[in-house]
Amino acid sequence: MIHIKKGSLEYNLWLEKRNIKNLKRRSNKRLKKKKIQEKQIKYNVKVKKLEFYDEKTNQFAFTAPLNFSFISNVEETSIFFKNLNDFVIDKRNNGKNIFIDVSKITKLTIDALIYLLAVMYDFNAEASDKHRISGNEPKDSRVNTIFYNSGFYQYVACVGEKRFTNINSNSMKIISGRYVDVNYAKQISDFVLEKTKLSKTDISFLYIMIIELMSNTHKHAYNISKQLSSAQWYCFVDYDMKDTFSFTFVDTGFGIPATVHKNFLEKIDILKLKSEDTYVVSALNGDFRTSTNKKNRGKGLPKIRNFCSSGKILNMRIITNSADVLVERESCSSSILKTPLQGTLYYWQIKISNLV
């Protein structure tokens, strides 16, 4: 060991270097500590604001908005599911139980209920090993009737005996699958035929459309990373007993914008010249193939666009990732969601009088 005499030039240089080194080390420690504290504060604020924690049950409660609907309240409903998704994928929450509070819902559309079913029933294996999920039922009797008539309680166990005894024959209970199922597609078509005097030829487009949507779910499941539920489709049909059938189809895959084929300039879209809703509209117009680059892919959405243009399909709404698109007969209107929806929601109607 070399000894440097205190007060010498060498000693003063050595001391200056050591002080600079120690200062940097302390600064890095403070910076690292500050980042950790900021992250913890941000996390704690989020938990206090959005979830209720019960220490006795080690349970976090997520409360559904009063108007639980993607169709009429897309932002609040999307936020509810994003908070739930963020909670599940955060490793700090492993072992904590989840409670879904739907008791305060006063308005409900089937699309949000189907998505809730996808979360509760089709929880992926990794998440279900780390969390136990439970919930209650709506206090509003009309909302609870929708829960019952939709077939929700056939998928999700409910504590206590149900008060309902009548089954709504004017709605087709929720069906689901992971691949193309021609029997289910036929079941949907047959439901429409049973309620009307239409022929199979009149609604052949509906069968084709359902097959396409089922097919997209499986094709677009290959690139999933932070997915709350595995890629699966859900479908529900409702009849107003007069002239209109309403269809809700939910695809919990990766979403349309992430799966359309993008050319080189779009892949390096540093300036963000194109938004996700633009990609969806372009896919409907047939401008893109899917990211598989296969010739037989990417034809489903243009077919749907043609069905809308011909008037066979009305009020077509597509919500996927941060894109919200309304497909009308002559044109498409679109907007960007502040809170993205994982997967794709399709909602449309058909009028019997338009098909006769």
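Quick note: numbers below take in every heavy atom, side chains included, and nothing from hydrogens, waters or symmetry partners. Starting from 1, each residue takes its place in the sequence as its number. Computed from a predicted model, the values in this text were never measured in an experiment.
- Under the 3.5 Å distance criterion, with hydrogens and angles disregarded, no donor-acceptor pair is assigned to the side chains of Thr339 and Lys82.
- Here the straight-line distance linking atom CD1 of Ile203 with atom CG of Leu193 works out to 3.5 Å at 0.5 Å rounding.
- Listed for the Asp202 side chain is a donor-acceptor partner under 3.5 Å among the backbone atoms of Ser199.
- Asn97 and Ser134 share no side-chain donor-acceptor pair at under 3.5 Å.
- By the 30° and 60° cut-offs, the orientation of the rings of Phe80 relative to Phe68 is perpendicular.
- With Asn136 contributing its side chain and Val102 its backbone, the two residues share a donor-acceptor pair below 3.5 Å.
- Across all their heavy atoms, Tyr234 and Ser176 have their closest contact at CD2-CB, 3.4 Å.
- Contact check on Glu212 versus Lys303 returns a salt bridge, with a Lys/Arg side-chain nitrogen under 4.0 Å from an Asp/Glu carboxylate oxygen.
- Proximity of a side-chain donor or acceptor of Asn321 to a complementary backbone N or O of Pro340 within less than 3.5 Å is not detected.
- At a threshold of 4.5 Å between non-hydrogen side-chain atoms, the residues Asp238 and Phe247 do not count as touching.
- Side-chain contact check for Asn144 and Tyr153: at least one donor-acceptor pair (N or O, by modelled atom type) lies under 3.5 Å.
- Under the 3.5 Å distance criterion, the side-chain polar atoms of Asn93 are left unmatched by any main-chain donor or acceptor of Lys96.
- Formation of a donor-acceptor pair under 3.5 Å by the Ser69 side chain with backbone atoms of Ser72 is found in this model.
- Gln349 CD to Asn315 CG: the interatomic distance, rounded to the nearest 0.5 Å, is 4.5 Å.
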Q. Should Phe70 and Tyr115 be marked as a ring-ring contact (aromatic ring centres under 6.0 Å, His included) after you check the CA-CA gap, both sets of side-chain angles, and the distance that decides it?
A. CA-CA 10 Å; Phe70 287 111; Tyr115 206 86; 5.6 Å; yes

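- Clustering ILVMFWY residues whenever any of their side-chain heavy atoms sit less than 4.5 angstrom apart, transitively, puts Leu326 in a cluster other than the one holding Tyr346.
- Within 6.0 Å of NZ in Lys107 there are 12 or fewer heavy atoms belonging to other residues, nucleotides or ligands.
- Looking at Gln342 and Thr252, their side chains never come closer than 4.5 Å, going by heavy atoms from C-beta outward.
- With sequence neighbours left out, Tyr347 forms a ring pair (Phe, Tyr, Trp, His ring centres under 6.0 Å) with no residue at all.
- If you check the side chains of Thr201 and Ser204, you find no donor sitting under 3.5 Å from an acceptor.
- Note that SG of Cys235 is 15.5 Å distant from NZ of Lys173, once rounded to the nearest 0.5 Å.
- Clustering ILVMFWY residues whenever any of their side-chain heavy atoms sit less than 4.5 angstrom apart, transitively, puts Leu198 in a cluster other than the one holding Leu314.
- Ion pair Lys242/Asp240 not flagged as a salt bridge, since none of the NZ, NE, NH1 or NH2 atoms sits closer than 4.0 Å to an Asp/Glu carboxylate oxygen.
- You'll find the side chain of Ile100 reaches within 4.5 Å of the side chain of Leu116, heavy atoms only.
- Under the 4.5 Å side-chain heavy-atom criterion for Ile, Leu, Val, Met, Phe, Trp and Tyr, Ile352 and Phe191 are members of the same hydrophobic cluster.
- Counting heavy atoms from C-beta on, the side chains of Val119 and Leu84 come closer than 4.5 Å.
- Looking at Leu108 and Phe147, their side chains come closer than 4.5 Å, going by heavy atoms from C-beta outward.
- Note on Tyr207: it clusters hydrophobically with Ile188, by side-chain heavy-atom contacts below 4.5 Å among ILVMFWY residues.
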Q: Applying salt bridge (Lys or Arg N to Asp or Glu O under 4.0 Å), run through Asp324 and Arg317 and close with a yes or a no.
A: CA-CA 7 Å; Asp324 187 355; Arg317 180 91 173 268; 2.7 Å; yes

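- When only modelled atom types and interatomic distance are considered, Gln187 and Asp190 share no side-chain donor-acceptor pair under 3.5 Å.
- Using cut-offs of 30° and 60° on the angle between ring planes, the pair Phe245 and Tyr239 is parallel.
- Contact of the Thr77 side chain with the Asn67 side chain is not registered, since no non-hydrogen atoms from C-beta on lie closer than 4.5 Å.
- Ring geometry for Trp233 versus Phe249: interplanar angle under 30°, hence parallel rather than tilted (30 to 60°).
- Residue Ile350 is grouped with residue Ile211 when hydrophobic side chains (ILVMFWY) are merged at heavy-atom distances under 4.5 angstrom, including chains of intermediate members.
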